[in-house]
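Each chain gets a letter, A, B and so on, in the order its sequence line appears, and its residues count up from 1.
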There are 2 protein chains.
Amino acid sequence: MPPATPTPARVLAHPGREAIRLETVLHALADPMRLCIVRFLAGRGDAGATCSDIELVVSKSTGTHHYRVLREAGVINQVYRGTAKINTLRRADLDALFPGLLGSVLAADAAQLGREG
Amino acid sequence: MPPATPTPARVLAHPGREAIRLETVLHALADPMRLCIVRFLAGRGDAGATCSDIELVVSKSTGTHHYRVLREAGVINQVYRGTAKINTLRRADLDALFPGLLGSVLAADAAQLGREG
DNA sequence: TTCGTAGTACGATGATTGTCAAATAAGGAC
DNA sequence: GTCCTTATTTGACAATCATCGTACTACGAA
């Protein structure tokens, strides 16, 4: 049975809501790999997904790098659950800070995907 | 009197609407200097502004660089008028491709500015 | 033609970035 | 305990980026 809370060493640092910066969020979203992660997480809602649920065409360490960029930008939340790491979108925080932003980025991404694949 | 159309050598290349990519737009917006330019242009509407209308705290060549990034991303339009260059936001194109995106970025920027200055 | 203004082009530089492979750590199943 | 799975860390690399100063071009005015 996985422990209710991870050991202290495995608690990841997240920026508080007030520390989230627009430029940093935009930078985090301005990468195809990371946009792919965000798109996937958006489709999972509160359930979230592990890192390996999302098929990235890059090495594992590159994947780790992208997840960290998203987490440090305040776009996603990451918590350990056993050996896995559950990723969820920080929708509430982003919507509170930047109303409509995440939604329009996701819609724009979907539209672009629809146009060209 | 400035000519109605610039000499051929001074016509700048802009991406067509269909060539505008979301990641590129987000990357272009993910810089404080460029966000500053976009914010200023948004307040000018169709009138646009010359490069020197906007006070950037960087050297002229750095300014030129940022304008080019925005133009090549499809965020702004640049046309010569005499020695000056008129910059305008490509609102229609961006709204057609990514409805609501530019608006929510501008709103997010304004909100963040209101919170911290 | 001479001058001033608006902006570009050309390096150069230091910082950041995206990528990988190899070694490591933590947790769960046996 | 011994594995297997999951993911991190480290160190390296090439590419991109933001910045600058200097030299340059184009246009308009005097």
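- A close approach under 4.0 Å does occur between a side-chain nitrogen or oxygen of Arg34(B) and OP1 or OP2 of dA18(D).
- To the nearest 0.5 Å, atom CG of residue Asp46(A) and atom CG of residue Asn77(A) are 11.0 Å apart.
- Per the geometry, OH belonging to Tyr67(A) stands 15 Å off P belonging to dG18(C), to the nearest Å.
- Counting only residues at least two apart or on different chains, the salt bridge (charged side-chain N to carboxylate O under 4.0 Å, His left out) pairs with a member in residues 91-111 of chain A are Arg17(A)-Asp93(A), Arg39(A)-Asp109(A), Arg90(A)-Asp93(A).
- Among dG18(C), dC20(D), dA21(C), the nucleotide with an atom closest to any side-chain atom of His27(A) is dG18(C).
- Across the protein-nucleic acid pair, Ile37(A) atom CD1 and dG18(C) atom P stand 11 Å apart, rounded to whole Å.
- The nearest whole Å value for the distance from the CZ atom in Arg68(A) to the C1' atom in dA7(D) is 12 Å.
- Shown here are the side-chain hydrogen bond (donor to acceptor under 3.5 Å, both in side chains) partners of Thr88(A), two or more places apart in sequence or in another chain: there are none.
- If you take CZ of Arg81(A) and P of dT5(D), they are 20 Å apart, rounded to a whole angstrom.
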Protein proximity profile, nucleotides 2-7 of chain C - base contact B, sugar-phosphate-only contact S, no contact -, cut-off 4.0 Å on heavy atoms: ----SB

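- For Gln78(A), the side-chain hydrogen bond (donor to acceptor under 3.5 Å, both in side chains) partners at least two apart in sequence or on another chain are Arg71(A), Asn87(A).
- At whole-Å resolution of the value, CG in Leu70(A) and C1' in dG18(C) are 14 Å apart.
- You won't find any donor-acceptor pair under 3.5 Å spanning the side chain of Ser61(A) and the base of dA7(D), going by distance alone.
- Within the 4.0 Å cut-off from OP1 or OP2 of dT19(D), not a single side-chain nitrogen or oxygen of Thr62(B) is found.
- Applying the side-chain hydrogen bond (donor to acceptor under 3.5 Å, both in side chains) test to Glu23(A) and every residue at least two apart in sequence or in another chain returns Arg21(A), Gln112(B).
- Rounded to whole Å, the distance from NE2 on His65(A) to P on dG11(D) is 17 Å.
- As rounded to whole Å, 13 Å separates atom P of dA18(D) from atom CD of Glu23(A).
- The separation between Ile76(A) atom CD1 and dA7(D) atom P is 12 Å, rounded to whole Å.
- A search for side-chain hydrogen bond (donor to acceptor under 3.5 Å, both in side chains) contacts involving Ser104(B) returns Ser104(A), not counting sequence neighbours.
- At the phosphate of dT19(C), OP1 or OP2 sits under 4.0 Å from a side-chain N or O atom of His66(A).
- Inter-residue side-chain proximity for Leu101(A) and Leu22(A) is flagged as met; some heavy-atom pair is nearer than 4.5 Å.
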